2 protein chains.
Amino acid sequence: MTAQPVPAGRNAGAATVLTTHIIDALGQDITDGVLAEGARLTIEGLQQRFGVSRTVVRDCMRVLESMHLIVPKRRLGLVVQAPASWNVYDARVIRWRLNGPGRAGQFRSLTHLRRAVEPVAAALAAEHASSDQRLRLLDLGRDLRRLGENGDLEEFLAVDIEFHTLILESSGNEMFLALQGVIAEVLSGRTHQGLMPHHPKEHALRTHEQVAEAISSGHPTAAETGMASLLAEVRSAIE
Amino acid sequence: MTAQPVPAGRNAGAATVLTTHIIDALGQDITDGVLAEGARLTIEGLQQRFGVSRTVVRDCMRVLESMHLIVPKRRLGLVVQAPASWNVYDARVIRWRLNGPGRAGQFRSLTHLRRAVEPVAAALAAEHASSDQRLRLLDLGRDLRRLGENGDLEEFLAVDIEFHTLILESSGNEMFLALQGVIAEVLSGRTHQGLMPHHPKEHALRTHEQVAEAISSGHPTAAETGMASLLAEVRSAIE
DNA sequence: CTCGCCCAAAGGTGTTACCTTTGCTGTGCA
DNA sequence: TGCACAGCAAAGGTAACACCTTTGGGCGAG
């Protein structure tokens with residue numbers, strides 16, 4: 001991307017579109033590796049490049065700094081950090097990586113994360129879910145079967161996302177729930193890139209139902225192993 | 001806490017201690033619930049409270065905003081957000097929660113996260129670890145037994161942290177490795193709060209060795225189940 | 001009496017100019 | 001040769017200001 005010196009857009013009324021644009025542009029460049037570890041930026045330079053004032057640049061730098069993408073150093077400027085120090089759970093970092101050359105790697109990492117988290121979430125859900133949640137889960141399991149057999153991929157995706165989200169929510173663990181967004185992202189990515197069979201496999205449909213059943217009837221171990229076997233299929237697809 | 005209007009400390013030379021202090025104070029207040037969802041702050045008010053200029057306050061607000069602890073609203077000020085939107089993987093948020101009344105809950109969440117991630121990390125490590133890493137892991141397993149039998153808790157802790165860190169690192173998944181810090185935190189928290197037996201149990205020592213053995217000899221499944229059983233003990237201790 | 005328009009106040013956003021602090025670099029003097 | 005100090009570059013911090021949006025109240029028309 002590397003925006004050319006924009007003709008000083010001024011504040012055209014757009015609320016905070018200025019900073020968003022700059023943060024996105026630089027974040028994308030860094031996560032793409034266009035700006036590699038050790039690369040140096042200066043506030044002055046960025047002012048030029050984006051045609052904004054120093055304050056705006058500093059605001060943006062604070063955000064990037066808080067994701068550990070850059071570190072300000074006196075006399076050196078803003079030094080780009082190694083990927084190892086990035087805040088890789090920040091939604092924006094994940095989005096940037098999914099947009100760039102790191103896409104495949106990010107997908108793989110997220111899939112492993114799903115494989116780790118979702119079975120445990122299912123087990124916890126079996127212990128902590130409310131009765132509303134349990135009922136809803138059974139409903140969703142049935143809906144999935146219906147939609148899966150009809151071959152309606154988009155609808156199936158929407159319900160699948162709700163299914164997995166509800167389990168994370170029912171786990172009662174806020175750190176699991178916080179992954180909802182990226183898991184939804186992974187699921188959509190999978191169907192929209194044709195990594196899904198045209199009809200979800202019978203095994204997957206049955207397992208969804210079994211997981212819903214295990215959670216709603218309060219069997220943590222069955223829920224955990226069911227979810228694990230659901231994810232095992234996914235895993236074999238990406239490796 | 002709630003710092004009284006400091007007598008305008010001015011820039012006493014300290015590098016970026018200004019913003020850090022403000023961010024910490026507010027972040028702690030929000031995560032503690034002292035500032036609850038919907039509470040409103042104003043830049044003006046914060047300027048008064050901390051005796052700093054507007055720019056500094058705004059810098060801080062950007063950081064807090066990027067963690068989704070607050071959202072700026074025209075005419076309303078800075079509105080404190082519900083815990084559900086917080087960036088709960090941000091190291092600072094975790095630290096604040098561990099410092100405040102949310103401590104127990106944060107510990108529980110992190111322990112579940114460990115239970116989810118570490119077995120999968122161990123399995124991946126069995127596939128991807130370098131030969132150096134495999135050897136080192138065997139060493140650490142042996143060291144743990146020696147230190148455990150001697151009852152040297154501090155030394156044991158240090159090596160235990162290195163053991164778990166090395167596995168996360170060997171998994172090759174940067175999202176797993178990113179959890180290294182908080183996992184170390186949980187481990188130290190456990191020993192320093194007397195949640196550990198004076199001598200680590202024989203079973204734990206043996207399991208550490210088995211995990212090291214499984215990873216180093218490239219047996220993902222054994223590594224995964226071994227790590228899971230290691231964490232099962234921990235789990236029973238907190239529930 | 002009610003509805004709608006207009007204006008003022010409040011407050012966040014963005015700009016500019018200026019000063020301070022820090023650390024590197026190079027040059028001159030001992 | 002080596003050390004010290006001057007100079008400079010770049011981030012950190014402050015202050016004053018102009019602008020836009022939101023909101024709410026007042027005032028006039030119907």
Side-chain angles (χ1 to χ4, degrees), chain A residues 3 5-26 30 35 37-81 85, chain B residues 3 5-26 30 35 38-81:
Chain A
V6 166
R10 292 300 157 206
N11 43 354
T16 177
V17 108
L18 246 309
T19 55
T20 312
H21 169 235
I22 296 175
I23 293 171
D24 269 342
L26 290 176
I30 293 174
L35 293 171
E37 177 183 359
R40 278 149 47 170
L41 302 167
T42 65
I43 298 216
E44 175 66 23
L46 295 169
Q47 253 173 281
Q48 301 284 323
R49 170 170 162 189
F50 293 103
V52 296
S53 78
R54 195 165 150 204
T55 313
V56 175
V57 174
R58 280 183 55 193
D59 276 357
C60 299
M61 291 310 100
R62 272 289 142 74
V63 174
L64 260 22
E65 184 190 345
S66 98
M67 300 178 193
H68 300 116
L69 261 53
I70 60 170
V71 154
K73 294 264 197 214
R74 291 273 168 109
R75 183 72 188 169
L76 289 180
L78 306 151
V79 181
V80 174
Q81 295 296 100
S85 34
Chain B
V6 167
R10 293 299 160 207
N11 39 357
T16 178
V17 107
L18 249 290
T19 55
T20 311
H21 169 235
I22 297 175
I23 293 171
D24 269 343
L26 291 176
I30 294 174
L35 293 171
R40 280 149 46 173
L41 302 168
T42 64
I43 298 218
E44 175 67 22
L46 295 170
Q47 248 174 285
Q48 301 286 322
R49 171 170 163 190
F50 293 102
V52 295
S53 79
R54 210 163 143 195
T55 314
V56 174
V57 174
R58 282 183 55 194
D59 277 355
C60 298
M61 292 310 101
R62 276 281 189 270
V63 174
L64 260 22
E65 184 190 347
S66 99
M67 299 178 194
H68 301 115
L69 261 53
I70 58 171
V71 154
K73 295 265 197 216
R74 288 279 165 105
R75 185 71 189 166
L76 290 181
L78 307 151
V79 181
V80 174
Q81 294 297 100

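Chain letters run A, B, ... following the sequence lines, proteins first and then strands; every chain starts at 1. Everything numeric here is computed off the predicted structure, so don't read it as measured data.
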Requested in this report: Provide, to the nearest angstrom, the distance between the CG atom belonging to A:Leu46 and the P atom belonging to C:dG14.
Outcome: 16 Å

Requested in this report: Record whether the side chain of B:Arg58 comes under 3.5 Å of the base of C:dT13 through a donor-acceptor pair of N or O atoms.
Outcome: no

Query raised in the report: With sequence neighbours left out, what residues match A:Ser53 under side-chain contact (heavy atoms from CB on, under 4.5 Å)?
Result: A:Thr55, A:Val56

Query raised in the report: Checking only heavy atoms, does the side chain of A:Arg75 share a donor-acceptor pair with the base of D:dA10 at less than 3.5 Å?
Result: no

Query raised in the report: Does B:Arg62 make a side-chain N or O approach to OP1 or OP2 of C:dG14 shorter than 4.0 Å?
Result: yes

Query raised in the report: Going from CG on A:Asp59 to CZ on B:Arg62, what distance comes out if it is rounded to the nearest 0.5 angstrom?
Result: 4.0 Å

Query raised in the report: Atom CG of A:Leu76 to atom P of C:dT21: distance rounded to whole Å?
Result: 20 Å

Report summary line: When rounded to whole Å, the CG to P distance for the pair B:Asp59 and D:dA11 reads 13 Å

Query - Separation of C:dT13 P from B:Met61 CE (nearest whole Å) - result: 11 Å

**Report entry** Separation of D:dA16 C1' from B:Ile43 CD1 (nearest whole Å)
**Finding:** 15 Å

**Report entry** Minimum-distance nucleotide to A:Arg74 side chain [options: C:dG23, C:dT13, C:dT15]
**Finding:** C:dG23

Query raised in the report: Atom CD1 of A:Ile23 to atom P of C:dT13: distance rounded to whole Å?
Result: 12 Å

Report summary line: Winner on side-chain proximity to B:Ser53, out of D:dA9, D:dG13, D:dT14, is D:dT14

Query - Atom pair CE/CD of B:Met67 and B:Gln81 - distance to nearest 0.5 Å - result: 14.0 Å

Requested in this report: Quick one: do B:Leu26 and B:Leu46 satisfy side chain to side chain contact (heavy atoms under 4.5 Å, CB included)? Show the steps, please.
Outcome: CA-CA 10 Å; B:Leu26 291 176; B:Leu46 295 170; 4.0 Å; yes

Report summary line: A:Arg40 atom CZ is separated from D:dA9 atom C1', nearest whole Å, by 11 Å

Query raised in the report: In whole angstroms, how far is the C1' atom of C:dT13 from the CD atom of B:Gln47?
Result: 14 Å

Query raised in the report: Hey, does the side-chain of A:Arg54 have a donor or acceptor N/O within less than 3.5 Å of a partner on the base of C:dG14?
Result: no

Report summary line: Comparing B:Thr55 with B:Glu44, nearest DNA chain C nucleotide closer to 5' gives the residue B:Glu44

Query raised in the report: If you check the B:Thr42 side chain, which of C:dT21, D:dA9, C:dG12 turns out closest?
Result: C:dG12

Report task. Please list, by residue number, the residues of residues 65-73 of chain A whose heavy atoms come closer than 4.0 Å to an atom of DNA chain D; answer none if no residue qualifies. Result -> A:Pro72, A:Lys73

**Report entry** Pairwise side-chain contact, A:Arg54 with A:Val57, heavy-atom cut-off 4.5 Å (strictly under)
**Finding:** no

Query - From CA spacing to verdict: side chain to side chain contact (heavy atoms under 4.5 Å, CB included), B:Val63, B:Thr19 - result: CA-CA 10 Å; B:Val63 174; B:Thr19 55; over 6 Å; no

Query - side chain to side chain contact (heavy atoms under 4.5 Å, CB included) evaluation trace for A:Glu65 with A:Leu78 - result: CA-CA 9 Å; A:Glu65 184 190 345; A:Leu78 306 151; over 6 Å; no

